[in-house]
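Before any comments, here is the structure.
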2 protein chains.
Amino acid sequence: MSKRTEKTIVDIAEELKLSISTVSRALNNHPNISAKTKEKVKKMANKLGYRPNAMAAGLRNSRSRTIGLVVPRISMFFPATISTVIQNKLHEHGYHVLICQSNDSLEQEIALAETLYSTRIDALAVSSTLYTTDFSHFDIFKDNNIPLVFFDRVPKDYQVKVVKGDDYLGGFTVTEHLIEKGCKDIVHISGPLTCNLYVDRVAGYKHALKKHKLAFKKSRIFYQELTRENALQVCEQIFAKQPWPDGIFAANDTTAITIMEYCRKLNLRVPEDIKIVGYSNDPRAEIITPSITSVDQFPALMGERVAAALLELMQQPVTIPQRYSEEIVPIQLIERVSSAAIVATRKAGVRKKLK
Amino acid sequence: MSKRTEKTIVDIAEELKLSISTVSRALNNHPNISAKTKEKVKKMANKLGYRPNAMAAGLRNSRSRTIGLVVPRISMFFPATISTVIQNKLHEHGYHVLICQSNDSLEQEIALAETLYSTRIDALAVSSTLYTTDFSHFDIFKDNNIPLVFFDRVPKDYQVKVVKGDDYLGGFTVTEHLIEKGCKDIVHISGPLTCNLYVDRVAGYKHALKKHKLAFKKSRIFYQELTRENALQVCEQIFAKQPWPDGIFAANDTTAITIMEYCRKLNLRVPEDIKIVGYSNDPRAEIITPSITSVDQFPALMGERVAAALLELMQQPVTIPQRYSEEIVPIQLIERVSSAAIVATRKAGVRKKLK
DNA sequence: CCGAAAATTGCAAACGTTTGCATAAAATAG
DNA sequence: CTATTTTATGCAAACGTTTGCAATTTTCGG
């Protein structure tokens, strides 16, 4: 209820007839302050309801103890999980995390970089927009030796620390899995090639085809933002004319789910008539019927790696210029019903006979 | 690559042989700076790569242009959606949002309040822990007239702005819905009563029973944190002895989903043998088979309301002390298959015959 | 009990802005 | 061409810390 309270260390100093510097040091547990002075100061600080002013401290020693985090959106499973982990981890070390969303807009990402720099964050982690190919808006950070880590959606040819999933292996594994389950004509629904993730997955897809002597057909691969709407549109195209594919590798689970629903409408049985695999292991993939095979990207692990990288960079002497270094987080195929082999009448098969 | 760059307005002033104040005013578009000076200053600012130092500015006029947001966790659908909206909305108005997670730990929530205060946030929005009944750790904000808004999980008897869902109506609507679909013995799985949400929903549940002359039985209601594990445990209890209930009102969708899976194992048909309703309208509720009836709480709308409240409070004269005021966001029952009436052989019914 | 070393404490500048007030320059009126 | 208003710029203090260095006090060996 009181106004203009805002006690400062000056108030404590006056109250105790000590110098400001002594109070400051006492509160920070500086070694050459006597134990009883510290005691006294802290007690008085409590009594007055003193709270340190982070901005003043930050200004003085140009460290905000805040780190920035830029992700496309936090309402999506994968980035949300990573953000959670990063935030909790860094908080343990006394850092705040400014979580920001680019909403997959390059323009917003650029603005974000600018204003984040203004708050003098101590470090920055970013998973870029789908469409970011020029990363120069992050140069300010590099130029001022502010630790910068990219994860998941990362740049290439940009001197910076990178933590990414094994998307090449992911693409390969999924495709080979489908082939082994009997697919001969596999459609791949990819995100735009402006994003590293999809480039790598496509490469894995192609490699698997080649290895198993299946022809790669341009017409069997689609590039677009992986939304529900786009997935529906692609379905229209795919199923407009025969022959229909017998396997679909969707680069995210939203797409996989949408396609499965579409197939149901066409009275196509999954996995008997067509097999579907998604990516990211969204919780929905497990829960839907039939459950969808997907790729676990271990978001929590990735989050930890990113947090660790940030912390490490922050305690390095400022002089070392950042270089490109890549850390790869493993992936794991989670086999479920949507891509199961069709073994005569196994229980799973029966269940899917309906409709 | 350069070091100790950090251009300041002083550099601009020197370069242009102007005073620091003029530069400052020019950059802030102060009215009594001539147009050409502004032009000149801005051009030079650009040339030098000047970036304002938010901490210095914040220190000077004690506004950080940052607002705090405390939620239990951002990896859950409901708070994630709200956070997204709040963040985007406030960003439009030039504010940063410091999104923090209490992980449903009161201890962490208290620590968060403390450190958020230290960063001198301009306002704070919080959805509290399940177990927060004493809110005095937020007193600092009230005492210093820092706008404070609670949402979803809110305190009672605490002088503060509150934005909440209509949980009473939600509880009532769900229960009545189950009754109208023919249920006579409805179990309610509630969260702990330390949290307002569940108190209200329980009240609604009881009211609906009463209205329809069904007896309320203490043994038919369970209070616990709504995790998957707890849900399984409750299932064990419920189905350990007959009679089994014919309707279940779960206070979140994770619980509803878990129960449905459990029922499937028992060869109980949903909705023929038992009807299930969840809460929050998690994306999984729609996608699972059978789809689960749930309650949409319009998280985006709630987010907008919270953001609006924060903005409004921030531009109020600081002197007005905060009072309790309640804003209620509507809810809507989303009817799906899990609670459908058993009408002989409608198509939906047939589909569920399997197994 | 003296003097030097060790342990404490204090002074004052600095961090980069913003802003009330004073001053200087330009515009207008008489 | 003054006198007066209007417009534009500059001075200097303040925001709340931290920290190098100087100053003071305490400790202790001899």
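Order of the sequence lines sets the chain letters (A, B, ...), proteins ahead of strands, with each chain counted from 1. Every value quoted in this text rests on a predicted model; they were computed, and no experiment measured them.
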Practice task
Side chain of B:I9 only, please: which of D:dA8, C:dT17, D:dG10 is the nearest?
Solution key: C:dT17

Handout entry: Under 3.5 Å side-chain donor-acceptor pair for B:Y117 and A:N53
Key = no

Exercise for the section: Nearest whole angstrom, please: distance from the P of D:dA8 to the CG of B:N29. Expected result: 13 Å

Exercise for the section: In whole angstrom, give the distance that lies between atom CZ of B:R63 and atom P of C:dT17. Expected result: 17 Å

Practice task
Please check the phosphate of C:dT9 (OP1 and OP2 only) for any side-chain N or O of A:T37 closer than 4.0 Å.
Solution key: yes

Completion exercise
Per nearest nucleotide of DNA chain C, the residue lying toward the 5' end, A:A35 or A:S21, is A:A35

Problem - Contact under 4.0 Å: B:S34 side-chain N or O vs D:dT7 OP1/OP2 - result: no

Problem - Nearest to side-chain heavy atoms of A:A56, which nucleotide of C:dC11, D:dG16, C:dT19 - result: D:dG16

Handout entry: Value in whole Å for how far the C1' atom of C:dT8 lies from NZ of A:K36
Key = 11 Å

Practice task
Kindly assign one of parallel, tilted or perpendicular to the pair B:F141 and B:F138, based on the angle between their ring planes and the thresholds 30° and 60°.
Solution key: tilted

Practice task
Mind calculating the distance between CG (A:L27) and P (D:dG16) to the nearest angstrom?
Solution key: 15 Å

Problem - Whether B:F135 and B:Y158 hold their rings parallel, tilted or perpendicular, with breakpoints at 30° and 60° - result: tilted

Problem - salt bridge (charged side-chain N to carboxylate O under 4.0 Å, His left out) contacts touching residues 29-44 of chain B (sequence neighbours left out) - result: none

Problem - Value rounded to 0.5 Å, distance of OG1 in B:T8 from CD in B:E14 - result: 7.5 Å

Completion exercise
B:N53 CG to C:dT17 C1', in whole Å, measures 8 Å

Exercise for the section: For B:N32, report the nucleic acid contact type (base, sugar-phosphate, nothing); a contact means any heavy atom under 4.0 Å. Expected result: base

Practice task
Quickly work out the A:I20 CD1 to C:dA13 P distance and round it to whole Å.
Solution key: 13 Å

Practice task
Using atom CD of B:E6 as one end and atom C1' of C:dT17 as the other, report the distance to the nearest whole Å.
Solution key: 14 Å

Handout entry: Base C:dC11 paired with A:S19 side chain (donor-acceptor, <3.5 Å)
Key = no

Completion exercise
Taken to the nearest whole Å, CE/A:M55 to C1'/D:dA14 is 14 Å

Practice task
Could you pick out which residue, B:L59 or B:L18, lies toward the 5' side of DNA chain D when each is mapped onto its nearest nucleotide?
Solution key: B:L18

Handout entry: Given DNA chain D, 5'-ward residue of the pair B:I33 and B:R120, judged by closest heavy atom
Key = B:I33

Exercise for the section: Report yes or no: is there a donor-acceptor pair, N or O only, under 3.5 Å between the side chain of B:R25 and the base of D:dG10? Expected result: yes

